[in-house]
Number of protein chains: 2
Amino acid sequence: MKIPSQLAAIPLFEGLSEENYADLAAIVLDKVFHKGQTIFSEGEEGNGFYVVVAGRLKIFKLSREGKEQILHIFGAGEPFGEVPVFAGQRFPANAEALEDCRVFFFPRAAFVELIKRNPSLALNMLAVLSRRLRQFTLLIEDLSLKEVPGRLAAYLLYLSHQQAGSDEVELDIPKNLLASLLGTIPETLSRILARMIRQGLIEAEGPRIKIVDRQGLQALAVVGSYRST
Amino acid sequence: MKIPSQLAAIPLFEGLSEENYADLAAIVLDKVFHKGQTIFSEGEEGNGFYVVVAGRLKIFKLSREGKEQILHIFGAGEPFGEVPVFAGQRFPANAEALEDCRVFFFPRAAFVELIKRNPSLALNMLAVLSRRLRQFTLLIEDLSLKEVPGRLAAYLLYLSHQQAGSDEVELDIPKNLLASLLGTIPETLSRILARMIRQGLIEAEGPRIKIVDRQGLQALAVVGSYRST
DNA sequence: AAATCGCCTTGACTTAGGTCAAAAAGCCTT
DNA sequence: AAGGCTTTTTGACCTAAGTCAAGGCGATTT
């Protein structure tokens, strides 16, 4: 597929002219990462940012003892690694492919030039960063002010919302990743799922989870977190 | 003092022309908030953003049970409340004056117009948001991957760094606020300070803290967090 | 000087959730 | 079908940090 038409499918580049797409196509690099491969590491210098074309990847922090906190899981169309482009210097976290991935890479200098010339691109990028800030705000709230069952309940409701409001949701990531995304460890997640089943809040069978008591989950989650962003 | 000259002192507006300052001066509103007053609340619609002119304020989240997590403490020259300007709609957190404050308010529509016309303003704003993202990343890391003593150690080292590397640092906020900033409660903070004294890491007398064993603190903090941003 | 209010500390207690270890399920691959 | 993975679950145990309650310590007001 031709690159310009793929660029048009990226929300960040919405509203740009044909000429802009040509400019972008001229600076973009097309990269592939295999499952498990590191895309970049915390502390590394970043001289450009990325957009996911296909596949999924995680952005995460690692503690000295090896515990992992996932900040985001990104899929097709989502930009990542933008912080060093504008705040100078280094990546604040790590990125690793969860599946085989194809990504576009936009080198910093050329992209900044483009932004200078293109107010709507600048505004789109401001929107992306602002949404991320809002998202982080929710994650911080979760980590600091809620307990694990509350975060899990919020996540299940969010999934249900994503999946057309169905009561039968399917986890789109393995449970060990989910644990890391919720700021806990697999053992704890497992126990809490078991407890929720015992309490009649949900039923589960592998990655398929049935929401039995929506009210109950909402009470745990205090509704509102994990909005669609 | 004339407003345009005060605008020039705000890093966000660095590098703008005289004409730009005039434009900004034309749209800015000058507001005052007294200590303890709410500047905005989570969920409220935001149709503009702010810059602190004088005084300090906190940006924070509140749990249902009343526990508070401070996200930022801002002082003179720092912009805040920008998220709703670019990501549409509502404030993701609360803002309250810690002291009597004077702030500038820039209405959204006019400001967005200005940004469209002014690439360097756009880039400055992108830098501000990116730095914030990096900061949040550190806070998330702290909350999820470090224990309270580690966060406190990091904070003390950060303070020392701020205060010209001196071994005698002075807390610039009361301890109950510090607790909330570190994601804990005053009792726990108090106990951990006591323990650090017992272990010979620090000495303390009210808000004056003397770093006795810098190495030891660094080991706790795993160095690197709470950078000057 | 007494009273009051906000801030800080300390003690006794409880608990969410982490660690370690082992077993059980699911899977791919050969 | 049989290993050899990884993922998930379970159990026993431990500990960081929160809750509740009581004082202490200043600073400011009356």
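Just so it is clear, the values below take in all heavy atoms, side chains as well, and ignore hydrogens, waters and symmetry mates. Numbered from 1 within each chain, the chains take letters A, B, ... in sequence-line order.
Here the C1' atom of nucleotide dG18(C) and the CZ atom of R64(A) are 20 Å apart, to the nearest Å. One interatomic measurement links the two molecules: CG of L189(B) to C1' of dA16(D), which rounds to 15 Å at whole-angstrom precision. In this entry the distance linking CD of E147(A) with P of dA16(D) reads 19 Å, nearest Å. We find that CG of L178(B) is positioned 9 Å from P of dC8(C), with the value rounded to whole Å. To the nearest angstrom, C1' of dT7(D) lies 11 Å from CD of E187(A). Between E205(A) atom CD and dA25(C) atom P the separation is 14 Å, expressed in whole Å. Note: NZ (K175(A)) to C1' (dG26(C)) measures 12 Å, nearest angstrom. Separating the CE atom of M196(A) from the P atom of dA16(C) is a distance of 13 Å, rounded to the nearest angstrom.
Remark: N176(B) is in phosphate contact with dC8(C), judged by side-chain N or O atoms under 4.0 Å from OP1 or OP2. In terms of phosphate contacts, T188(B) brings no side-chain nitrogen or oxygen within less than 4.0 Å of OP1 or OP2 of dA17(D).
Axis angle across the helix from dC8(C)-dG23(D) to dT30(C)-dA1(D), with five pairs used at each end and values rounded to 10°: 40°.
Counted by atom type alone, R134(A) and Q89(B) present zero donor-acceptor pairs between their side chains at under 3.5 Å. Side chain to side chain, R151(B) and T184(B) fail the donor-acceptor criterion of an N or O pair below 3.5 Å.
The side chain of A194(B) lies closest to dT10(C), out of dT19(D), dT10(C), dT19(C). When the nucleotides dT9(C), dG17(C), dT8(D) are ranked by their closest atom to the side chain of S190(B), dT9(C) comes out on top.
Scanning atom types as modelled, one donor and one acceptor separated by under 3.5 angstrom connect the side chain of R191(A) and the base of dT19(C). One cannot find a donor-acceptor pair under 3.5 Å joining the base of dT10(C) and the side-chain atoms of R195(B).
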| request: Test salt bridge (Lys or Arg N to Asp or Glu O under 4.0 Å) on E168(A) and R208(A) and set out the steps. | output: CA-CA 7 Å; E168(A) 306 249 353; R208(A) 297 195 61 73; 3.6 Å; yes
| request: Could you please spell out the steps behind the side-chain contact (heavy atoms from CB on, under 4.5 Å) verdict for H72(B) and Q135(B)? | output: CA-CA 9 Å; H72(B) 304 282; Q135(B) 220 171 95; 3.0 Å; yes
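Between E45(B) and R90(B) there is a salt bridge, since at least one side-chain N of the basic residue sits less than 4.0 Å from a carboxylate O of the acidic one.
Of the possible polar contacts, none joining the S160(A) side chain to the L156(A) backbone as a donor-acceptor pair under 3.5 Å is found.
The aromatic rings of F106(A) and F49(A) sit parallel, their planes meeting at an angle under 30°, below the 60° perpendicular limit.
Across all strands shown, P207(B) has no heavy atoms under 4.0 Å from either base or sugar-phosphate atoms.
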